[in-house]
Amino acid sequence: MKDISAFLAQRKHASLHRHRLTLNTPQGAHIAVEGRSYISFCSNDYLGLANDPRLIKALKHGADKFGVSSGSAHLISGHSMAHHQLELALADFVGYERVLLFSTGYMANLGVITALVDRKEALFQDKLNHASLIDAARLAQATLKRYLHGDASSLKQQMATVNDNSTHLVVTDGVFSMDGDLAPLVELSKVCHQNNGLLVVDDAHGLGVIGKQGRGTASHFGLASAPPILIGTFGKAFGTFGAFVAASDEIIEMLIQLARTYIYTTALPPAMAHATLCSLNILKNEEWRRQHLRKLISKFRTHAKQLGLKLGDSTTPIQPVLIGDTQQALAISQKLNAAGILTPAIRPPAVPQGGARLRITFSAQHTCDDVERLLCALEAATQ
Ligand SMILES: *Cc1c(COP(=O)(O)O)cnc(C)c1O
């Protein structure tokens, strides 16, 4: 077993020790943490829906109608009308034959990859994919081949080293969670078509935020044919909880038979599915939320560049400010906190060594004034 006290001491020594903030308020642009008020620039509630009165009402209505717990796994007796309706509405929204709900995005990723990839089979992933996708490859005991970040020619090279005629999964985040940049889906799709690859896109940060009516990264690029498998989560732009996989009828049937994180777990509370259906309608129809976000992002980037800050190549609500040194990133984050701005420093191992950063995220709930206050605090903290 690990030496627990040595491990904890080493973590503290390396400024890598993590602790949690306790919120006194609902998630939002303005929150209170341990009794102090902050403007928060660190949630994934991009559209500002997590505390929307209509969603609260839908959740209450869902509880009145369906109770609190699903009480069972989907394949036993936990699959309710609320789940079913949400699956149909999502399939229609994203334009796939069928959708399958999962209890979290983490579980959806584990489920898809372990159900579809054989042991020792090659599996291709972007170097900066989300941790759950990397864990999925480990669990599947696949031969993981990681291509250079956002680089379709690196993928092509890697695929060329595997000479067999079977189909291989190629897995990428749509919007990368720490950098906010987009996967080059047009180029990746092309490489997949030419090399017998089946593209899987985890669009946790793209859905609701980019593309026509918030349909995500593939829609943003106007992809001629949609990626065969799309994974989405509800804990981000949807403002609720849970996840889904969209694919062909055949792939979904396969997942129902084989995805252990689908089979051996309790179904999402049906009231949550009911609230998510409400959220889907808001998300596709309230274009002003995405417009406002774009305005905030462009204001931030213009002024941050004038301050000489090192920004990422991102047009999404995820805006990293690259600092590099872990101690320095922590010090800046602490100064911002003291000024009433919440933006935690992201440190290794969540990002590569020397890649410490502030991960600033915007929400449609922020005002232009909030962004100005952030910029002033950044200017003072980085001088
Ligand atoms: C958040 C996230 C997940 C996990 O989703 P949960 O529903 O929070 O488990 C998976 N993939 C990506 C890219 C994510 O950002």
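Counting starts at 1 for both ligands and their atoms, following the listed order.
Of the listed residues (D203, D202, T316), just one forms a side chain to side chain donor-acceptor pair (under 3.5 Å) with T217, and that residue is D203.
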When you check ligand 1 against the protein, what N or O pairs turn up below 3.5 Å? List the atom names and distances, or just say none.
unit_1   : atom_1 : unit_2 : atom_2 : d
ligand 1 : 7 (O)  : G105   : N      : 2.7
ligand 1 : 9 (O)  : G105   : N      : 3.1
ligand 1 : 9 (O)  : Y106   : N      : 3.0
ligand 1 : 11 (N) : D202   : OD2    : 2.5
ligand 1 : 15 (O) : H205   : NE2    : 2.5
ligand 1 : 15 (O) : K236   : NZ     : 2.6

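The six-membered or imidazole ring of H74 lies near that of Y262, with a centre-to-centre distance under 6.0 Å. Remark: aromatic rings of Y147 and F124 are distant, center separation not under 6.0 Å. Aromatic rings from H205 and F176 are positioned such that their centres are separated by 6.0 Å or more.
Donor-acceptor pairing under 3.5 Å is lacking for the side chains of N196 and N165. The closest side-chain donor-acceptor pair between D126 and H149 falls under 3.5 angstrom.
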